[in-house]
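Residue numbers start from 1 in every chain, and the chains themselves are labelled A, B, ... in the order their sequence lines are given, proteins ahead of strands. Hydrogens, waters and symmetry mates play no part in the numbers below; they use all other heavy atoms, side chains included.
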Number of protein chains: 2
Amino acid sequence: MTSLKRPADATSAHDRIYRTLRARIMYGDIAPGQALTLRGIGREHGLSMTPAREALRRLVAEGALFQSVSGRVSTPEPGNERIEELAALRALLEVELASRALPRAHMALIDRMQSIDRTVAEMVAKRDPVGYIRANLEFHRALYLRAQAPAMLAMAETVWLQLGPTMRVLYGRLQRAEPPRFHKAIIAALRAGDEPGLRLAIRSDVTQGLRLLAG
Amino acid sequence: MTSLKRPADATSAHDRIYRTLRARIMYGDIAPGQALTLRGIGREHGLSMTPAREALRRLVAEGALFQSVSGRVSTPEPGNERIEELAALRALLEVELASRALPRAHMALIDRMQSIDRTVAEMVAKRDPVGYIRANLEFHRALYLRAQAPAMLAMAETVWLQLGPTMRVLYGRLQRAEPPRFHKAIIAALRAGDEPGLRLAIRSDVTQGLRLLAG
DNA sequence: CATGGGCGGATGTGATCACAAACGCGGCGC
DNA sequence: GCGCCGCGTTTGTGATCACATCCGCCCATG
């Protein structure tokens, strides 16, 4: 564990740990309730506990991880009321983001979204939950990037992050290999420049999967 | 600086630093562009740089502080487009929070909000920007607490935090001692149970001050 | 055999150290 | 007098250590 190499590192070490863990959590690669230890995370990345501590604390601050009173951190197991609230936040933020992106959506973007949607369908067919969640969020992010609203997009991603572990069990629960129904409606509304239709389609798509949890 | 007694400490040390700094930033007690150093913050609290580092990193993660490429942290000096975006976020989140709180707003809550509003007016008369911002946010928080939506409220507070240093210069800029015009409209809508009116009043109150910056 | 106490390992927290990079100030050259 | 270079100081980063606490497991006891 001797610190020697420092090969022109673009980003700091804790940032690498942070990004790695963040991606794993957001895309449902970690099951709810899983415990994470400072020394364990550090060892996995060949680093000491210092960067691991900062990465974990940041994820806790963002609501991606839960910290018990004794300081142990683990991925959260949110209750239904919290899931519903996060879904409502997704709807609120993403409808606004889509609405702002609509006037700037070129044809190239719509084509790219359709391509991503095909990837989503592939992942559904392969029963790959992590790939599914990643592609699905990529579909949304591609649109929202056009909204030119970085703070709003960051908030939406924070919500995705908090929903990550839940989305895993959720999309593992729906066994039928059905791709998201509302993506086609989203693309159609984008093509038509139909703002009310887009808002409804986004809201439906975002709320869709989460609804069957409460039922 | 030797660690001696830790007698039933309710919260950890970095949390105390975090809360202190967070309050100072949110209520506009720190001017934009002010630099903060790890050793300086630690020394101010009689602690080493370790807890200071974690508190600062958390505030950076929440967007309350800006970190330069060299790692130095300072309070941000946001551009106008970012301020507008944050104001839009306030409107989006707080209208929803108010709408959810409306059916649960008892008479006692409305009375308390009126009392807080008098404090706001006092602070305006005393030309106390920090007291003004604190009382004003307390007015809003009292209402939103009734929404029973902790994640949404946390997001709204994060936006307040990011706007803190800006609000200071903003409310320092409007020299006339005028209390917020729309608080009365908010209270009236609450009394009447008028949801559309409440949504409009909240949106107006939130957007009011920020508008004159762009003008 | 069940249950509770105690002990050892695991874990988080804060302090301190070593080091590299960045900042700033003063002196030197023009 | 003005600008630029260089060095000392400041600052952030990661590693390591000391310590208190927590968790779990094993064994003794009823």
For this session: Describe the nucleic acid contact of B:L36 in one word from base, sugar-phosphate, nothing, applying a heavy-atom distance below 4.0 Å.
Result: sugar-phosphate
Problem set entry | N/O (side chain, A:Q67) to phosphate O (OP1/OP2, C:dT11) under 4.0 Å | no
Problem set entry | Polar side-chain contact B:R72-D:dG12 base: donor and acceptor under 3.5 Å | no
Exercise. Can we say B:R100 and B:E96 salt-bridge, meaning some charged N sits less than 4.0 Å from an Asp/Glu carboxylate O?
Worked result: yes
Exercise. Taking A:P165 as the fixed residue, which of A:L65, A:I25, A:I30 is the one that meets the side-chain contact (heavy atoms from CB on, under 4.5 Å) rule?
Worked result: A:I25
Exercise. Considering heavy-atom distances to DNA chain D, does A:S68 or A:R53 have its closest nucleotide positioned more toward the 5' end?
Worked result: A:R53
Exercise. Can you tell which of C:dT16, D:dA15, D:dT11 lies closest to the side chain of B:T50?
Worked result: C:dT16
Exercise. Quick one: B:L38 CG to C:dT16 C1', roughly how many Å, whole number?
Worked result: 14 Å
Exercise. C:dT13 C1' sits how many Å from B:E54 CD, rounded?
Worked result: 8 Å
Exercise. Once you round it to whole Å, what is the distance between P of C:dG14 and NE2 of B:H45?
Worked result: 13 Å
Exercise. Under the 3.5 Å rule, do the base of D:dG12 and the side chain of B:R57 count as making a donor-acceptor pair?
Worked result: no
Problem set entry | Nucleotide C:dG12, atom C1' - distance to CZ of A:F66 in whole Å | 15 Å
Seminar exercise, completed: Separation of C:dT13 atom P from B:I17 atom CD1, nearest Å, is 13 Å
Exercise. Do the ring planes of B:H183 and B:F139 sit parallel (below 30°), tilted (30 to 60°) or perpendicular (above 60°)?
Worked result: parallel
Exercise. For B:M49 and C:dT16, what is the distance between atoms CE and P respectively, to the nearest whole Å?
Worked result: 11 Å
For this session: Can you tell me the distance, in whole Å, between the CZ atom of A:R43 and the C1' atom of D:dG14?
Result: 17 Å
For this session: Would you mind reading off the distance between A:Y18 atom OH and D:dG14 atom C1', rounded to a whole angstrom?
Result: 20 Å
Exercise. Is the side chain of B:T20 donor-acceptor paired with the backbone N or O of B:R16 at a distance under 3.5 Å, no angle test?
Worked result: yes
For this session: Go through C:dT13, D:dG14, C:dC23 for me and flag the one nearest to the B:S70 side chain.
Result: C:dC23
For this session: Kindly say if B:H14 contacts the phosphate of C:dG14, meaning a side-chain N or O under 4.0 Å from OP1 or OP2.
Result: yes
For this session: Please determine if A:R118 and A:E122 form a salt bridge, counting it only when a charged side-chain N lies under 4.0 Å from a carboxylate O.
Result: no
Exercise. When you measure from the side chain of A:R39, which nucleotide among D:dA18, D:dA15, C:dG14 comes out closest?
Worked result: D:dA18
